[in-house]
Amino acid sequence: MNQYNRIRGAKLNYTYIATFAIIIIFSLLAFYHFYLISTQTNTKIKVIALKPASPTSLTSVAGQNLSVYIPNYNINAKDFAILYAGNGYAINTSYNYVNLYYKYPGDYLIYYNVYQDGKLIGSSSQNLMRIIITPNISYNLSQYLTVPTITFNSTENPTAPLFNVSQKIYLIGSFLQPPSGQNMTIYEYIWNFGNGTTETIIANQTSLLPLYNPVVVYNKPGLYAISLTIVTKNVSSGKTYNYTTYQTVAVSGNGEKFALFTTYFDTPNSKLIISAENVPGGPYSFDPQIDYDTVGFEELLNIYSTLVIYNGSSTSSFLPMAAAYLPKVSNWSDVTARYMYGAISPNYTIYIFKIRPGLYFSNGDPITAYDVWYSLIRDVLFAGGTPGTPGWILTQYLIPNYTPFTSVITSPNDTQGFEEIMNAITYNNQTDTVTLHLSRPASPQFLFTALADPEGTGILDAKWLNQIGAGINFTPSGFYQYEQQANEGNYNTIIQWSPISSGPYMISSYTPGQSVVLKPNPYWPNNITYIPKPNDTIIIYWVKDPNTAYEMFSSGQADIVTFLPSNYMPSIEKLESEGQASLYEFPSLNEYIFAFTSNISTSILSSLNPSYSIPSYYFANPLVREAFAYAFNYTQFFNNILGNVRYHFNFGDPICGAIIPGLPYYIPPSELTGCPTFNLTYAKQLMEESGFYNITVNFPIIVSSGDTVDFTAAEMWSQALHEMDPNINAQPLYMTQTTIMSYQIPGQNPMPIYNLEWVPDYPLASDFTNALYLQTGDYPAPNGWNVSYFENLSKYFASQGNTFLANLFQNESLEYNELNNLLILANSAALKGNSTMAQLYYKEAEQIAINLYLYVYEYQPNLQWVIKPYMYAYNNQISYQENPINAEDSVFYWWFK
C-alpha cells in the first residue's frame, strides 16, 4: 500500500464536509471545474480533478535535478501536497515547487494530491504527467554496462502503462545495446515490481535476452515503480556491473482512476519527440568533417548549419541556411549587390556567399564569415582521412586535378598545395562574405549539392576549435600535421562526441552507442520561416534489434520508429488500422550491396574467431567473386526475404551497377551485360575454373546488427555457397555499424564479405562511383582494390609457376586501372557539363565494374516513415521529411507533435 492509499484511509464525516463546503467552493475557482468521485471509508466525497504537475522539462538526464511546479496550490498553514514521483517515492511539500532526483533512466509518471487539514481535496491522478529520464553513463563505463528496456506486450496490454486491479501485465525485458567491452556478457535480469516482490531471471548466453519474461498482477490501485536491473559480467575476471531502468505503471480500481494528460499547453518546454531506431551501435562520430556514416548523419542534419539546405524532398532546389541568400549570376555586375546578397561569376568559377546575420553557436559565439571559412578549410584538409571522409566532395571543385579521397597536402613543405587551398577559399569579415574560387566551372546545382551536406560542410566554431586543441596552423607544415587528425586514432574526441552546435539543435547528453538527447540551440533565431526555432526535446534511442524498436513504438514509448525490416509490415499495418500508427512510403537513392575484401587481414580475422580460415587473396580472384554472385538467389531474396511478394508491398527493386535509378547517367541493366542471375551450376563451373575450388575456407559474412533481412539473405547465400562448393563454410555474423567502420582501414580489414548500405549525401553519379569503384574510394581502399596489389599477386603466382593465376591477376590489374581512368574522365566531363561524354564514360566504367564483380548488387530500397498519428511535418507536407538523401533520418525542426 503506498502513501497515497494510507492517506485516503483517513475518515471524514458529513459534519466536517458541511463545515468546509464554502471553502471547497472557493477552492474550485483555483482548480479545474471537473471533479471525480472518490470513496473514503464508506463515504463518497467530491475530490477536485487538478491540473497536471508541470515539470520544467519533460525530459532530463539521470543524476540531474528536475524542478516540478504544482499549479493553483494556495499555501496556508494547514495545506500541504504530496507529489508522487513515479519511482516509488512520495514527497510531502508545502511549496509550489518540488525538486525531483532520478538516479536511473526510465519512463516515469507523476501526479500530486492536495490536502487541507489533513483531508484530501484534490488530485491530478487523471492528469498524469510523463517524464522521460535518459541514461547517463560515462564513456569509460559504457563498455561494461548495458541500458535495460522495459516494454509491454502491446497485444495483451494495449492501454499500457495504464492498467486495472487484477489485470495481468505482460512485461518484456530487453536492452538497447550489449556491453562492448572485451569478455563482457549479460548475466542476469533483476526485476523489482514496486509492490515488495522481485524476480531474478538468468540471461540466455546466445541471445543475451532473459530466459522468460514475467507477468505481474497488482491487487491494489496506485502508482507502481517497476525497475529492471541488468547485471553484466566479465567472463574472464568474474567482475560484475549493473545498470537500472524504471517504468511507472498506474493501476486503477476501487474508486481510484488514473489517466494520462493528453495536451501540453500548461507545461513549459512541453514537446518531446522520441525516435526508436533499429541501428545498433549508434553513430561513428558527431564531427562534421569526419562522420561519413548513415547513423551519425541524422544528428549532423540537426545540430549543424550549412551554407544551403535542400528544399524539402527536392534534390535540385535549395534554401539558404547560414547564407543569407542564394547567390545569383544577376548580382555579379552590381558590386554592391554582389557583397550584399551574394553572387556567381558569369563563368561559374566564383561563388560569393553573404553570411546570415544573427546566427550563433550554442555556446553564444556569433557565427561569422571567418567560422564558415575555417570550417571549409578544415573540410578540405580532412579530405584524405581514413576511414573515408566526405571532404573530397567539396575539394574536387576547388583544387586542380584533385583525386577523390586523397590528401591535398602531401608533405610538410608542400607549398603548392598550401597555396591552392588558401586561394580556393577566402573570407571578408567586413562584408560578412565567404568566396569559393573553383578550379573549373560548376553549375549552382552541383556546387549547392556539395554545400548542402552537413557531412563535410557543417560549420564549427573557430574560436572553440582553438580552445580545445583543434586549431589549424596556417602554414604548409601546419596543414600537413592537421591532416593527420582525420585518421582514426588521431581524432579530437571532444569534437567527435561533444561538439558545439551551429544548427537549430544541440547535443544535451550522449550515452555512447545507446542514446542521444537533442535540445534546442537557445540562440537559434526565430526569423527563418522555413527553419522554425525548435521548442521541443528530441531523444534518439539506437536499439539493438527491430523487435525492441517495434515494442517501444507500439507500446507508446516512441513517436517514430525507423529501419524496421520488411517482416514487420503486417504489424505496422495492423497498428495503422487501429489508429495507432501512420505509414508513408517514399523512394530512396540508397543501395544495398555485399562487398568483397580482396586483401583480408587474416590475423585480425582470427582474433574474431580462431576457427576462421581463408587466404588473404581469396576474393582478389575475379572468378571467385563472379561465382559467388551467381550463387545468390535474387528471386528468393526479393519474393520472400525482402518480402515484396510475401507481404504484398514493394520494399525495393533489383539493381545492377553503382549508378541506380534516380541518378543522372543511370544505365539500365538492359544496356549492360553480365548482370548475374541465380545459377548454381554455372557458379560451380566458375569456381572450378578459378583455381580455388579445392581450398577449404571458413569465414563470416558480416551484416550490420539489427538488419534481419540481410542476415537472412546471408544465411540463404551461405547454404547455396556450400552446395556450390562443399569446401566453402560461410556463416552470417552480426556486427555493429561503428565496428564495421572501424575495420575499414587499408591493410587492416578482416571482413571477407560484408553488407553495406550506401546512402548518398551527394545525389550525383560521382558520389556512388567514386565511393564504390575508385581505387582511393570509401570502400575500394579498405577492401584492398588496388592496381599495384593485383600486379604483385600476378608476380607472386608467376614465381610459383602458376601462369593461369598470374595472367588472371595481371588482366584484373589492367581492367581495374582502366576503370579508374574512365571514372576520372566521366567525372571531369560531368563537371564541365558535357553530358554526352559523361554518359559514355560512366557506361564503360560501369560495364568494367560489373565484369569484375566487385560487388553483389542487392537492391534499391523504398523507405517508410512509421510515426504516431499525432506527428505531422512542416506545413503538413510529409515531403519535407522525404528527401531521398536523408533516407529515414529525421530533420527534427520539420517534425511537430
Side-chain angles (χ1 to χ4, degrees), residues 386-388 488 593-629 631 686-687 689-703 714 717-718 721-722 725 727-733 735 739-756 772-773 775-813 815-817 852-856:
T386 300
E488 186 175 14
I593 50 185
F594 283 98
F596 296 103
T597 299
S598 63
N599 185 10
I600 304 165
S601 174
T602 54
S603 59
I604 299 178
L605 178 63
S606 295
S607 70
L608 297 179
N609 188 330
S611 68
Y612 291 146
S613 176
I614 187 172
S616 61
Y617 51 77
Y618 189 77
F619 288 117
N621 189 319
L623 290 173
V624 171
R625 298 196 300 267
E626 185 177 1
F628 274 56
L686 289 167
M687 200 66 204
E689 184 183 344
S690 73
F692 287 4
Y693 186 81
N694 59 350
I695 297 178
T696 298
V697 294
N698 181 20
F699 62 88
I701 299 176
I702 307 296
V703 176
W717 196 15
S718 299
L721 291 170
H722 188 72
D725 181 353
N727 298 293
I728 297 174
N729 298 286
Q731 313 90 32
L733 176 67
M735 189 176 286
T739 304
I740 291 173
M741 287 197 66
S742 69
Y743 284 138
Q744 290 176 327
I745 299 175
Q748 300 179 43
N749 187 346
M751 301 178 290
I753 302 177
Y754 62 103
N755 183 266
L756 62 92
L772 300 179
Y773 291 158
Q775 179 171 272
T776 53
D778 205 43
Y779 294 106
N783 292 350
W785 299 346
N786 186 283
V787 172
S788 297
Y789 173 66
F790 295 135
E791 288 177 346
N792 290 333
L793 283 177
S794 177
K795 293 175 183 177
Y796 168 77
F797 283 104
S799 69
Q800 302 298 307
N802 191 329
T803 56
F804 171 75
L805 288 179
N807 291 335
L808 186 69
F809 288 119
Q810 179 62 31
N811 289 335
E812 182 176 35
S813 174
E815 285 188 83
Y816 189 55
N817 186 60
L852 287 173
Y853 296 92
L854 301 177
Y855 298 100
V856 169

In a table with atom names and distances, give each donor-acceptor pair under 3.5 Å that connects a side chain of residues 593-604 to protein atoms at least two apart or in another chain.
unit_1, atom_1, unit_2, atom_2, d
Thr597, OG1, Met751, O, 2.6
Ser598, OG, Asn783, O, 3.0
Ser598, OG, Gly784, O, 2.9

Please report, to 0.1 Å, the donor-acceptor pairs under 3.5 Å made by any side chain of residues 790-801, with sequence neighbours excluded.
unit_1, atom_1, unit_2, atom_2, d
Asn792, ND2, Ser788, O, 3.3
Ser794, OG, Ala806, O, 2.6
Ser799, OG, Tyr796, O, 2.4

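Here CG of Asn749 is found 10.0 Å from CG of Leu605. Values are rounded to the nearest 0.5 Å. Between Leu721 atom CG and Asn729 atom CG the span is 10.0 Å, to the nearest 0.5 Å. Between atom CE of residue Met687 and atom CG of residue Asp725 there is a gap of 5.0 Å, rounded to the nearest 0.5 Å. Atoms CD and CH2, on Gln775 and Trp785 in that order, are 12.0 Å from each other to the nearest 0.5 Å. A distance of 8.5 Å separates CD1 in Ile740 from CG in Leu756, rounded to the nearest 0.5 Å. In this structure, OH in Tyr617 is found 8.5 Å from CG in Leu805, a value given to the nearest 0.5 Å.
At distances below 3.5 Å, not a single donor-acceptor pair connects side-chain atoms of Thr386 with backbone N or O atoms of Ile745. Although no hydrogens or angles enter the test, the distance criterion places no donor-acceptor pair under 3.5 Å between the side chain of Asn817 and the main chain of Ser813.
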Quick one, Ile728 with Phe699, criterion side chain to side chain contact (heavy atoms under 4.5 Å, CB included). Give me CA distance, side-chain angles, the key distance, then yes/no.
CA-CA 8 Å; Ile728 297 174; Phe699 62 88; 4.0 Å; yes

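Trp717 places a side-chain heavy atom less than 4.5 Å from the side chain of Ile753. Considering only heavy atoms from C-beta on, Met735 comes within 4.5 Å of Tyr743 through its side chain. Contact check for Tyr612 versus Pro752: no side-chain heavy atoms found under the 4.5 Å cut-off. Between Pro615 and Ile695 the shortest side-chain heavy-atom distance falls below 4.5 Å. The closest side-chain heavy-atom distance from Pro782 to Pro387 is not below 4.5 Å.
For the residue pair Ser690 and Asn621, the shortest heavy atom distance occurs at O-ND2, 3.0 Å. The two residues Val856 and Ala629 come nearest to each other via the heavy atoms CG2-CA, 3.8 Å. Closest approach of Tyr789 to Ala620, counting heavy atoms only: CE2-CB, 4.1 Å.
A donor-acceptor contact closer than 3.5 angstrom links the side chains of Asn698 and Gln731.
Ring planes of Tyr773 and Tyr855: tilted class, angle from 30 to 60°. By the 30° and 60° cut-offs, the orientation of the rings of Phe628 relative to Tyr618 is perpendicular.
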